[in-house]
Amino acid sequence: MLPVRFRDQVVPRVAGSVLPYGNGRSYGDSCLNNGGTLLATRGLDRFLAFDPSTGLIRCEAGVLLSEILSLTVGYGWFLPVTPGTRLITVGGAIANDVHGKNHHLAGTFGHQVTCLELVRGSGERVLCSATDRADLFAATIGGLGLTGLITWAEFRLKRIANPYVQVERIRFDSLDGFFDLALGAEREREYTVAWIDCLATGRHLGRGIYMAGTHAAPTCDGAPRAPGRTLSVPFDPPVSLIAGPTLKTFNELFYRKQFRRVQTGLEHYAPFFYPLDGIDQWNRIYGPKGFLQYQSVVPMALGRDVTREMLQCIARSGQGSFLSVLKVFGDRPPAGLLSFPRPGVTLALDFPFKGPSTLRLFDTLDALVAQVGGAIYPAKDARMSPALFASGYPRLDEFRRHLDPVFSSSFWRRVTEDVA
Amino acid sequence: MSARVLIVGATSAIAEAVARRYAAEGAALFLAARRTDRAAAIADDLRVRGAAVVTVGAYDATVPDTADALVAAAWETLGGIDVALIAHGSLPDQPACAASAALTRQALEINVLSVIDLLTLLANRMASVGHGTLAVIGSVAGDRGRQSNYVYGAAKGCLAIFMQGLAHRLVPAGVRVLTIKPGFVDTPMTAAFPKGPLWASPQTVARDIQRAIERGAQVLYTPWFWRWIMLVIRLIPTSIFQRTRL
């Protein structure tokens with residue numbers, strides 16, 4: 001691992017390939033480069049400019065989203081798009097073209113970027129935007145760090161009146177209940193996502209809680225306290241704490257704790273957007289075997305039926321976990337050539353790794369996704385087939401033209417080996 | 001009034017972390033560095049983080065007679081100096097120095113003589129106004145000579161004695177003198193070393209430095225446990241110490 005600390009530095013000449021590495025929060029091997037070199041970018045953590053009157057911000061690629069929030073929330077500016085953790089770098093947010101609960105209104109992180117600087121393996125520095133080198137710009141957004149090293153980027157923040165979010169939680173008792181909510185008055189809600197009880201079966205299949213949030217108005221009542229100290233999981237438990245009985249109990253309680261069908265309240269932005277950031281090293285609860293993530297997107301037309309079939313498979317397998325979420329993406333065309341978010345329904349789950357049975361379940365889910373022309377999210381993948389990658393990312397050949405010959409990743413080699 | 005801070009060797013990771021803490025408090029900063037382009041990138045960042053004013057000046061510790069101009073420029077630009085942090089230095093290649101008198105001299109010029117030039121000039125200016133803090137980044141390596149690192153150790157040890165005397169001299173003048181002795185810090189200077197639990201981040205070290213400046217400490221071990229580690233290392237009898245590979 002080679003640290004990069006100043007943006008004038010060039011890509012070092014090393015034997016083998018290089019890959020930018022931000023805060024290492026990708027779940028699979030897209031942030032790894034087995035046998036090659038990682039360029040650690042956390043040292044590129046400077047702001048270049050921030051205008052509190054317009055919300056335009058320019059910062060180096062290693063700045064964490066949490067560092068941006070610490071600076072800007074006090075001035076009344078929020079991230080225009082944020083994933084479920086703020087412990088990722090700006091470079092990583094662009095390279096994975098991350099999305100959030102407001103995809104239906106705002107699109108992805110890549111849609112917010114006005115320009116960026118890319119350093120190619122050749123030493124060439126390219127200023128890319130929607131108008132300059134637009135092709136390379138589109139390849140770099142969602143480009144998994146394979147087009148070069150992003151040194152800095154500029155994007156526009158979103159106006160907020162205070163750090164609070166007006167939250168509404170609506171219980172729904174079936175998958176149809178979810179789609180009624182998601183396809184209903186969703187445009188009036190800034191942030192929406194649904195938690196699904198992936199163990200429920202029969203007429204309860206797809207039941208869950210729909211969470212909607214809107215930045216609070218300037219004159220909101222009361223001020224929820226900002227979360228205090230973060231908790232930490234100090235050691236690896238010998239076995240996964242997310243096992244059959246604990247999971248079943250947890251899911252039942254989570255669904256039942258909400259007595260009324262609709263519950264509203266004011267929350268600080270941190271627990272609303274980043275529930276797991278409050279628990280340091282939360283991944284350890286899965287024990288030494290760890291866990292796998294699975295996130296798919298399927299087109300809207302067939303989304304309802306495929307999602308139902310996928311949930312049936314998961315419920316039957318008895319695997320799955322409490323972090324199962326469902327969202328309908330907006331209609332905006334993807335920002336990058338390899339962007340994951342696209343119009344359709346996205347389902348994200350994590351599974352304690354139980355060996356072959358987990359992998360078999362994933363293969364079944366893959367088949368359902370492939371059948372309707374869906375795709376899997378590279379940032380969360382550790383095992384999709386090259387064929388599924390190729391079919392899920394139809395602009396792959398166009399992307400290859402912008403690949404930097406010095407850059408590669410374990411993920412890239414894995415998903416392109418057979419179809420080269 | 002917000003602090004007026006001079007930082008020499010401003011592109012070092014520890015110096016940058018200290019600068020960010022002062023910037024967040026609205027300080028006026030003067031950054032001296034050899035790589036002024038990099039110092040300029042740091043200056044932009046410090047402005048965004050809240051610094052009232054940030055000025056960049058060129059300074060090369062290997063060029064003789066540059067201290068005068070730097071101290072004068074910083075003093076004039078800031079309108080006096082409340083805190084001067086001297087953070088520049090190099091980590092000499094010990095085996096190469098052992099084989100070369102010229103390399104050893106060069107290492108001592110960068111790590112000791114250039115610092116003493118700055119200290120002498122800054123001390124006199126601060127004494128004349130009866131106010132200010134002089135802080136220098138030394139090292140735990142200066143507490144005992146070791147075969148693996150004695151040129152660097154000698155430089156830092158020399159600075160520690162100089163600072164001790166300077167502190168003594170400046171008591172009546174009301175000027176504070178702080179010698180900072182970091183242990184292992186995860187910076188580019190140490191990028192090649194394998195890391196263990198004794199390693200601290202530049203942010204932790206910077207927090208300790210700012211606190212020590214505020215409370216007027218004369219010697220700071222950071223993180224704190226290095227005071228006790230070095231006490232033990234200093235107490236090991238020579239006959240035993242010389243049988244180790246430390």
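Chain letters run A, B, ... following the sequence lines, proteins first, then strands; residues in each count from 1.
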(request) Any pair with a residue in residues 54-78 of chain A that passes salt bridge (charged side-chain N to carboxylate O under 4.0 Å, His left out), sequence neighbours left out, goes on the list, sorted by first then second residue, please. (result)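 Checked against salt bridge (charged side-chain N to carboxylate O under 4.0 Å, His left out) - neighbours excluded - the pairs reaching residues 54-78 of chain A are Arg7(A)-Glu60(A), Arg42(A)-Glu67(A), Arg46(A)-Glu60(A), Arg58(A)-Glu154(A).
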
(message) Heavy-atom pairs under 4.5 Å with chain B: which of Ile57(A), Asp8(A), Asp51(A) has the most?
(response)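 The option with the most such pairs is Asp8(A).
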
(message) Suppose a student defines contact as a heavy atom less than 4.5 Å from any heavy atom of chain A. Which residues in residues 44-62 of chain B would they list?
(response)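 At a heavy-atom separation under 4.5 Å, chain A is reached by Asp44(B), Asp45(B), Val48(B), Arg49(B).
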
(request) Select one option (side chain, backbone, both, neither) describing which atoms of Leu48(A) are under 4.5 Å from chain B's heavy atoms. (result)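 Contact with chain B: backbone only.
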
(request) Counting only heavy atoms closer than 4.5 Å, note whether Asp45(A) contacts chain B via side chain, backbone, both or neither. (result)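 Both the backbone and the side chain of Asp45(A) come within 4.5 Å of chain B.
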
(request) May I ask you to decide if Thr11(B)'s main-chain N or O and Arg5(A)'s side chain share a donor-acceptor pair within less than 3.5 Å? (result)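 Yes.
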
(message) According to ring-ring contact (aromatic ring centres under 6.0 Å, His included), who are the partners of Phe273(A), at least two apart in sequence or on a separate chain?
(response)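 Partners of Phe273(A) by the ring-ring contact (aromatic ring centres under 6.0 Å, His included) criterion, ordered by chain and then number, come out as Phe78(A), Tyr191(A).
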
(message) Taking CZ in Arg146(B) as the centre, count heavy atoms belonging to other residues, nucleotides or ligands within less than 6.0 Å. Is the count above 12?
(response)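 Count over threshold, so yes.
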
(message) Going by side chain to side chain donor-acceptor pair (under 3.5 Å), name the residues that satisfy it together with Tyr274(A), two or more places apart in sequence or in a different chain.
(response)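 Expected list: Thr82(A).
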
